[in-house]
Amino acid sequence: MKERIVSGMRSTGKLHLGHYLGVIQNWVKLQNEYDSYFFVADWHALTTKYDKTENLRQDVKDVVIDWLACGINPEISTIYVQSLVPETAELNIYLSMVTPQNWVERDPTLKDMAKILRTKEGANSEVSYGLMGYPVLMSSDIMLFNASAVPVGIDQVAHIEITRDIARRFNNIYKTQFFNEPKPLLNNCSLICGLDGNKMGKSFKNDIKISDSEEETAKKVMTAITDRSRMRKDDPGHPDECEVAFKYWKIFADESTVQNVRCECEKGLRGCADCKKQLGALINEKFAPIREKRKYYESNPAEVEKIIKEGSEKACIQAQKNLKQIKEIIGMY
Ligand code: TRP
Ligand code: SF4
């Protein structure tokens with residue numbers, strides 16, 4: 001029996017290179033070793049965007065299309081949508097009973113989300129009851145399938161800690177060993193920053209999307225921050241102070257290419273504009289097969305729908321089995 005992993009992403013629409021390098025690439029590798037469940041967390045998207053649902057359905061599809069394009073294989077992994085597995089919500093009720101309020105209040109990631117929200121104007125600037133439940137709902141996602149590990153980006157680790165605590169507490173309260181204490185599974189790729197040097201994110205407008213065209217990508221890469229102290233293209237450059245472009249080289253190019261870029265930059269033989277033109281071409285080359293595959297799924301929406309539907313049905317069957325046992329352990333009618 002393979003060990004099981006569960007992981008998800010919020011339905012934020014088209015994904016960017018940070019999602020790919022930080023998470024999806026890892027999933028693609030892990031799906032061969034683990035019984036894998038990957039889902040689109042549309043309820044988690046609602047925790048902050050309950051008043052902006054006009055694109056929700058398309059956003060869910062776009063996430064799945066990106067996953068498929070990147071190599072998540074629906075033949076071996078279970079791909080589903082959170083809200084199509086309502087057992088998640090039922091488990092959420094049970095877990096919310098055993099979770100002390102101060103555990104969720106202490107969650108650092110949640111605190112950050114709340115802080116961002118409070119800077120917004122209008123009705124949706126309050127922290128809702130649903131948002132407070134974010135880590136408990138995440139625990140429900142994971143524990144519904146009794147996963148033993150959760151492959152996520154480093155930003156999600158605090159949430160997984162709470163999941164471990166909830167699992168342990170449930171086991172103690174109901175004198176059972178039913179739940180695993182799931183471990184986070186991080187990948188070892190260094191985090192890619194946005195074009196402006198900050199964290200890459202859709203809302204910061206500093207991202208390169210998996211689905212961007214070659215032209216868009218090339219244009220965006222030209223805006224990447226370089227060595228700010230460099231005035232002319234034949235000035236000696238400082239790759240280690242080149243805030244974004246050189247970091248991208250290190251992520252996408254092989255060792256000897258990186259050495260070559262460093263050397264030419266330091267000697268003033270390489271202008272930043274040329275350098276970034278080459279970099280854009282390299283990124284385009286790396287993503288060409290993925291983008292090709294993406295186009296295929298984009299033009300075959302019925303196939304994507306089928307994958308989502310069948311995956312969600314499969315997930316439901318497993319979820320019902322587990323939930324039945326969980327209810328028995330608790331002592332429900
Ligand atoms: N919070 C995660 C994110 O923002 C998405 C998520 C929801 C998740 N439930 C999960 C990730 C369960 C792993 C396991 O990306
Ligand atoms: Fe950065 Fe390349 Fe310019 Fe050097 S030449 S500072 S590595 S963009």
Side-chain angles (χ1 to χ4, degrees), residues 4-12 15 18-19 22-24 26-27 36-49 63 80-83 85 88 91-92 107 109-110 112-113 131 133-145 147 149-160 162-164 182-186 195 197 201-202 221-250 253 257-280 282:
R4 186 173 289 155
I5 54 174
V6 172
S7 193
M9 276 184 197
R10 271 181 292 166
S11 45
T12 49
L15 303 174
H19 291 116
V23 185
I24 306 172
N26 202 24
W27 291 2
S36 308
Y37 286 73
F38 302 123
F39 70 97
V40 186
D42 52 350
W43 281 332
H44 278 102
L46 283 188
T47 61
T48 53
K49 284 186 44 170
V63 170
Y80 70 96
V81 174
Q82 186 182 38
S83 64
V85 182
T88 308
L91 180 57
N92 187 56
D107 179 359
T109 314
L110 196 62
D112 289 346
M113 289 174 82
L131 179 59
Y134 196 106
V136 183
L137 184 57
M138 252 182 89
S139 302
S140 309
D141 298 322
I142 298 164
M143 291 167 65
L144 186 60
F145 300 99
V150 191
V152 282
I154 187 101
D155 59 317
Q156 298 296 314
V157 170
H159 290 314
I160 314 292
I162 296 188
T163 304
R164 294 167 61 81
K183 309 178 286 291
L185 275 185
L186 294 169
L195 293 157
K202 180 184 183 178
V221 172
M222 292 311 286
T223 70
I225 307 272
T226 62
D227 172 1
R228 293 179 197 264
S229 70
R230 207 172 181 207
M231 292 302 170
R232 272 172 319 203
K233 68 175 188 182
D234 46 3
D235 286 346
H238 308 88
D240 295 318
E241 272 137 60
C242 174
E243 271 177 58
V244 178
F246 191 63
K247 286 193 187 136
Y248 282 14
W249 275 112
K250 286 194 281 190
T257 308
V258 173
Q259 277 315 319
N260 187 43
V261 171
R262 173 187 288 284
C263 221
E264 289 183 5
C265 173
E266 283 172 345
K267 289 190 186 138
L269 298 172
R270 160 181 289 266
C272 291
D274 280 339
C275 186
K276 290 193 282 188
K277 215 165 141 192
Q278 282 179 26
L279 177 62
L282 175 67

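One-based numbering, in listed order, for ligands and for the atoms of each.
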Chemist: Do Tyr248 and Lys276 have side chains that approach each other closer than 4.5 Å (heavy atoms only, starting at C-beta)?
Modeler: no

Chemist: Given Pro236, Gly268, Gly271, Cys265, which one has a non-hydrogen atom that is nearest to atom 4 (Fe) of ligand 2?
Modeler: Cys265

Chemist: With a cut-off of 4.0 Å, which atoms of ligand 1 are near a heavy atom of Ala41?
Modeler: 7 (C)

Chemist: For Ile154, I'd like to know if atom CD1 has over 12 heavy atoms of other residues, nucleotides or ligands within 6.0 Å.
Modeler: no

Chemist: Ion pair present between Glu266 and Arg262, side-chain N to carboxylate O less than 4.0 angstrom?
Modeler: yes

Chemist: Under a 4.0 angstrom heavy-atom cut-off, which atoms of ligand 1 come close to Asp141?
Modeler: 7 (C), 9 (N), 10 (C), 12 (C)

Chemist: Measuring centre to centre across the rings, with the benzene-like ring taken for any Trp, is Phe145 within less than 6.0 Å of Tyr80?
Modeler: yes

Chemist: Indicate yes or no: at least one non-hydrogen side-chain atom of Pro239 is less than 4.5 angstrom from one of Val261.
Modeler: no

Chemist: For ligand 1, which atoms sit closer than 4.0 Å to a heavy atom of His44?
Modeler: 7 (C), 9 (N)

Chemist: Output the list of atoms in ligand 2 that are nearer than 4.0 Å to some heavy atom of Thr226, sorted by atom number.
Modeler: 8 (S)

Chemist: Write out the residue and atom name of the closest protein heavy atom to atom 5 (C) of ligand 1, then the distance separating them to 0.1 Å.
Modeler: Gly8 O, 3.5 Å

Chemist: Relative to the heavy atoms of Tyr134, which atoms of ligand 1 are at a distance of less than 4.0 Å?
Modeler: 1 (N), 2 (C), 3 (C), 4 (O)

Chemist: For ligand 2, which atoms have a heavy atom of Asp227 less than 4.0 angstrom away?
Modeler: 6 (S)

Chemist: Within Cys272, is some N, O or S atom less than 2.8 Å away from atom 3 (Fe) of ligand 2?
Modeler: yes

Chemist: Could you walk me through whether Ile24 and Met9 pass the side chain to side chain contact (heavy atoms under 4.5 Å, CB included) test, one step at a time?
Modeler: CA-CA 10 Å; Ile24 306 172; Met9 276 184 197; 3.6 Å; yes

Chemist: Using a 4.0 Å heavy-atom cut-off, say whether Ile142 meets ligand 1 through its side chain, its backbone, both or neither.
Modeler: side chain

Chemist: Report the nearest protein non-hydrogen atom to atom 2 (Fe) of ligand 2: residue, atom name, distance rounded to 0.1 Å.
Modeler: Cys275 SG, 2.4 Å

Chemist: Which ligand 2 atoms are under 4.0 Å away from a heavy-atom of Arg270?
Modeler: 5 (S)

Chemist: Against heavy atoms of Arg10, which atoms of ligand 1 measure under 4.0 Å?
Modeler: 4 (O)

Chemist: Under a 4.0 angstrom heavy-atom cut-off, which atoms of ligand 2 come close to Ala245?
Modeler: 8 (S)

Chemist: Using side chain to side chain contact (heavy atoms under 4.5 Å, CB included), reason through Phe246 and Cys265 one step at a time and then give a plain yes or no.
Modeler: CA-CA 10 Å; Phe246 191 63; Cys265 173; over 6 Å; no

Chemist: For Cys242 and ligand 2, answer yes if some heavy atom of the residue is under 4.0 Å from a ligand atom, otherwise no.
Modeler: yes

Chemist: Would you mind checking if Arg232 and Asp235 are paired as a salt bridge, meaning a charged N to carboxylate O distance below 4.0 Å?
Modeler: yes

Chemist: Counting only heavy atoms closer than 4.0 Å, does ligand 1 sit against the backbone of Ser7, its side chain, both, or neither?
Modeler: both

Chemist: At what distance, to the nearest 0.5 angstrom, does CG of Leu91 lie from CD1 of Ile142?
Modeler: 11.0 Å

Chemist: Side chain, backbone, both or neither: which part of Arg230 comes within less than 4.0 Å of ligand 2 when only heavy atoms are counted?
Modeler: side chain

Chemist: Do His159 and Tyr134 have side chains that get closer than 4.5 Å, going by heavy atoms?
Modeler: yes

Chemist: How close does the nearest protein non-hydrogen atom get to atom 15 (O) of ligand 1, and which residue and atom is it?
Modeler: Gln156 NE2, 3.8 Å

Chemist: Near Val150, which atoms of ligand 1 are under 4.0 Å from a heavy atom of that residue?
Modeler: 13 (C), 14 (C)

Chemist: Taking it one step at a time, do Arg10 and Lys49 satisfy side chain to side chain contact (heavy atoms under 4.5 Å, CB included)?
Modeler: CA-CA 11 Å; Arg10 271 181 292 166; Lys49 284 186 44 170; over 6 Å; no

Chemist: Roughly how far, to the nearest 0.5 Å, is OG1 of Thr88 from CG of Leu137?
Modeler: 7.5 Å

